[in-house]
There are 4 protein chains.
Amino acid sequence: MGLKERREREREERKRQILAAARSLLFEEGLQATSVNKIARRAELGVGTIYFYFAGKEEIFAALQEEGIEVLQAMILRDLEGAKGPEERLRSIARTYVDFSREKGDYFDIINYFLSSPGVMFNEDLKERIDQRGNRVVSLLVSTVEAGIASGDFRKVDARKFAMMFWATLHGLMLFRKLKTTMLRGEDYHALVGYAVDHLVGSIRGESNTG
Amino acid sequence: MGLKERREREREERKRQILAAARSLLFEEGLQATSVNKIARRAELGVGTIYFYFAGKEEIFAALQEEGIEVLQAMILRDLEGAKGPEERLRSIARTYVDFSREKGDYFDIINYFLSSPGVMFNEDLKERIDQRGNRVVSLLVSTVEAGIASGDFRKVDARKFAMMFWATLHGLMLFRKLKTTMLRGEDYHALVGYAVDHLVGSIRGESNTG
Amino acid sequence: MGLKERREREREERKRQILAAARSLLFEEGLQATSVNKIARRAELGVGTIYFYFAGKEEIFAALQEEGIEVLQAMILRDLEGAKGPEERLRSIARTYVDFSREKGDYFDIINYFLSSPGVMFNEDLKERIDQRGNRVVSLLVSTVEAGIASGDFRKVDARKFAMMFWATLHGLMLFRKLKTTMLRGEDYHALVGYAVDHLVGSIRGESNTG
Amino acid sequence: MGLKERREREREERKRQILAAARSLLFEEGLQATSVNKIARRAELGVGTIYFYFAGKEEIFAALQEEGIEVLQAMILRDLEGAKGPEERLRSIARTYVDFSREKGDYFDIINYFLSSPGVMFNEDLKERIDQRGNRVVSLLVSTVEAGIASGDFRKVDARKFAMMFWATLHGLMLFRKLKTTMLRGEDYHALVGYAVDHLVGSIRGESNTG
DNA sequence: CATGAATGAGTATTCATTCAT
DNA sequence: AATGAATGAATACTCATTCAT
């Protein structure tokens, strides 16, 4: 069994090595320019080897997506530290998502890639993992909302549904960043995002706090 | 001058013919599989001819996007007819966007394509046109909100900002449809959308109606 | 006959217009990027019109080559003004060719294009004109040499052959400019050109002057 | 390690195969008509395979240029065998370059292609190799001149600079072959080349021999 | 005279994936 | 377990030229 374990460990090691290559390419050249051949070259591995560890290109990207979600989670947690009170926490998460989409644009792109590509489908394993990681992030939102409800800061909303909606709004707005030069020309994009967050946060504030 | 006019008309005719080919390909094979060569083949035209009428692939897609926005607008207007009152109108628009993203998925995809691809940029003319069409749709949202404010049904919010946020939320949620099999597994996607619309509509309802 | 003349004049006018467009393209985008369609667009003429005035692309380029040769001639004459004595005149011409190849690189390129392309052949008319212009430039060299011979500054060489050789050397050296980063790496290209001119000039200096 | 060696050998084999196809195309259809797709078809290989062995079109051409330089070198060495004395050796090299440009015109063209195309640049490796091969040929000239100087046949000139100039003159004159039907019409091209060689050789002949 | 629509073979290059070794 | 050679369809786009009007 020691053998089996070692095998397993080596396997994980190799996967990490491949992902490191893929990640550096992603950040250096962007999603589109990141091909399997390039990954192999950078990882100093044969192309075939890549396919031994990953079922295909999408799976590598999916792994990168996982990473991205983890990075996002870490950023949220980090920023959450200084945030006092449910409302401030909600705002903090929003702010972090905005930062994430700007500073870790390639991770954001890859998340958006899977969200936007109708064709791409994961296998069950992958689904499971994405599911978990994603939910962990959403959970941060959910529990923030729940905490607010418990403390009376927020109204009794369906915390999970609200969280999903909150995220959808943010994600949509991040895509709208591109409209800065067209539909949002002359308008203040940053103010729009601020408005949306204000509005959504305000929309669940407990009545006692509204007055 | 009759000649010039005829030329112009024929030119428009050809463009329509090319767009028809592009559109049918888009709907049959999807965005990704729609290439300039295929469009030319289907239109029974030389590839060069395509480039005589359109500056490049993106311009064809942009035209298709315009179409998509117009289709969306028409759908919204059609559905709006039966809707009485600002609130019901807002809900109607949301419902229509959901329908649009499902029934005219390829048009939705192409709109999302331009929203999601950081690299792609339009020339000024195109920007202008997209701008106008897009704003026309957003205007439907804006004026609905304004009407609601005027009638006292809605609170005095920034109508345009709220409209953009409303659209962002819907757009984000439409992308989340893909999560049905992962993060939203076991949850009711439809109910989520319903919840979001309810929440947003509720969030601007005039205080008199809230109680 | 007044009509005929007017026709002729208008025809020349149009050709000039086309060449102006071609020339500006040549200098802005280079030889390779200059296509007939682009020329037509810039000249605000139909493509067909271009073909009414020029037999084809090569003919336009040939006309540009003529221009280039004329520019070269003008430069040589201008620079020759200050040059006293046959030897200094010869050096002046050499210097001018070097300047021409650097400052009017696109004209140089087009001359080299016809010199280098084995396939391209002119019609008789064109041949005649190129012939004349080219000879006019070579004549400047020839007569400089002849003057030197007459004055005793130069030995009694075959003036025309020497002139052709002189030009061939210069032209070859201009092409070698590209070797600066390879074969001539670490060597002084400018000094090489200087050496060559010195050597050739020295090689025909009359014995009385050599001492 | 036997495997690695075999791989390497096979790799070289394939490259040779591709170059054979490219070479035969070059000689049959000329430089311009030689495209990567045609090379692939002739080599009975997929296009992608070509790119597996060569970084791109220019690299194939560069390899062909190397070949050409080697062919030239071989020709020079072969012809040099019968040549006695520095002067005769210099003349021999000149004669060979003339023959090379006529008999191996396509190799000459490809050498001229890299000399004439301002845009095309090699990578460092390629530079190095071209550098070496080119210098090997120039060395033949240089050492011939040096031998002449040592023997007192030639004056004490800068051997390398003279050699480069000598080559430049020859190369320029080879390009002028095209002028046979225009500027050199009625003149004896062959005599011009002969004159140039005579002149250049004479120009470095030691004084004792001049009288 | 002038137009400009139409062509379609052509360009270099990329790509994810397979499979025999 | 690992390799890397091979594929070939696919990509967007260009071009000189023709010809009916």
Side-chain angles (χ1 to χ4, degrees), chain A residues 7 10-11 14 32-41 43-61, chain B residues 3-4 6-8 10-11 13-15 32-41 43-60, chain C residues 7 10-11 14 32-41 44-61, chain D residues 3-4 6-8 10-11 13-14 32-41 43-60:
Chain A
R7 284 251 172 93
E10 282 172 0
R11 193 175 170 79
R14 270 270 195 268
Q32 179 152 246
T34 299
S35 72
V36 179
N37 283 285
K38 280 186 185 172
I39 294 170
R41 216 171 304 136
E44 293 179 313
L45 252 28
V47 216
T49 312
I50 306 287
Y51 280 87
F52 186 77
Y53 291 98
F54 291 92
K57 188 202 183 189
E58 305 288 1
E59 206 173 289
I60 298 177
F61 282 179
Chain B
L3 179 78
K4 228 178 187 175
R6 188 154 60 85
R7 277 262 166 86
E8 188 58 30
E10 280 172 2
R11 197 174 167 81
E13 192 49 50
R14 268 274 191 266
K15 284 189 109 171
Q32 178 151 250
T34 299
S35 73
V36 180
N37 282 291
K38 278 189 186 171
I39 293 171
R41 216 172 306 136
E44 293 181 311
L45 253 25
V47 209
T49 310
I50 306 290
Y51 282 89
F52 186 75
Y53 289 96
F54 292 92
K57 188 202 180 192
E58 305 289 0
E59 202 170 294
I60 299 177
Chain C
R7 283 253 172 92
E10 281 172 0
R11 193 176 169 78
R14 269 272 196 268
Q32 178 150 250
T34 299
S35 72
V36 179
N37 284 284
K38 279 186 186 172
I39 294 170
R41 216 172 304 138
E44 293 180 313
L45 253 28
V47 215
T49 313
I50 306 285
Y51 280 87
F52 186 78
Y53 291 97
F54 291 92
K57 188 201 181 192
E58 304 288 0
E59 207 173 286
I60 298 177
F61 283 178
Chain D
L3 180 79
K4 230 178 185 172
R6 188 156 59 87
R7 277 263 167 86
E8 188 58 29
E10 281 172 0
R11 197 176 167 81
E13 192 50 50
R14 267 275 193 266
Q32 178 151 249
T34 300
S35 73
V36 180
N37 282 289
K38 278 188 185 172
I39 294 171
R41 217 172 303 135
E44 293 181 312
L45 252 25
V47 211
T49 311
I50 306 290
Y51 282 88
F52 186 75
Y53 289 95
F54 292 91
K57 188 202 182 193
E58 306 290 1
E59 202 171 295
I60 298 178

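All values below were derived from every heavy atom in this structure, side-chain atoms included, with hydrogens, water molecules and symmetry-related copies excluded. Below, chains carry the letters A, B, ... as their sequence lines are ordered, and counting in each starts from 1.
An OP1 or OP2 oxygen of F:dA5 is reached within less than 4.0 angstrom by a side-chain nitrogen or oxygen of D:R11.
Taking both residues in full, the closest heavy atoms of C:E59 and C:F54 are given as OE2-CA, 3.9 Å, listed atom of the first, atom of the second, then distance. Annotation for A:K57 and A:T34: closest pair CE-O, 3.9 Å, computed over non-hydrogen atoms.
Atom CD1 of C:I39 is separated from atom P of E:dT3 by 15 Å (rounded to the nearest Å). When the P atom of F:dT7 is taken as reference, atom CZ of D:F52 falls 11 Å away, rounded to whole Å. Nucleotide E:dT17 holds its C1' atom 14 Å from the CD atom of A:E59, rounded to whole Å. As rounded to whole Å, 12 Å separates atom C1' of E:dT3 from atom OH of C:Y53. Rounded to a whole Å, the CZ atom of C:F54 is 19 Å from the C1' atom of F:dC15. To the nearest angstrom, P of E:dA16 lies 9 Å from CD1 of A:I60. Rounded to whole Å, the distance from CD on B:E10 to P on F:dA20 is 16 Å.
In DNA chain F, the stems built from three or more successive Watson-Crick or G-U pairs (distances below 3.5 Å) are E:2-21 with F:2-21.
Nucleotides of DNA chain E nearest to D:R41 and C:I50 differ in position, and the one nearer the 5' end is that of C:I50.
The OG1 atom of A:T49 sits 7.0 Å away from atom CZ of A:R14, with the distance rounded to the nearest 0.5 Å. Of the inter-residue distances, the one linking B:N37 atom CG with B:I50 atom CD1 reads 9.0 Å to the nearest 0.5 angstrom.
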So which protein nitrogen or oxygen atoms get under 3.5 Å of nucleotides 8-12 of chain F's nitrogens or oxygens?
| from | atom 1 | to | atom 2 | distance (Å) |
| --- | --- | --- | --- | --- |
| F:dG8 | N7 | D:G48 | N | 3.1 |
| F:dT11 | OP2 | B:S35 | OG | 3.2 |
| F:dA12 | OP1 | B:K57 | NZ | 3.1 |
| F:dA12 | OP2 | B:V36 | N | 3.4 |
| F:dA12 | N7 | B:N37 | ND2 | 3.3 |

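The local environment of CD in D:E10 is crowded, with over 12 non-hydrogen atoms from other residues, nucleotides or ligands closer than 6.0 Å.
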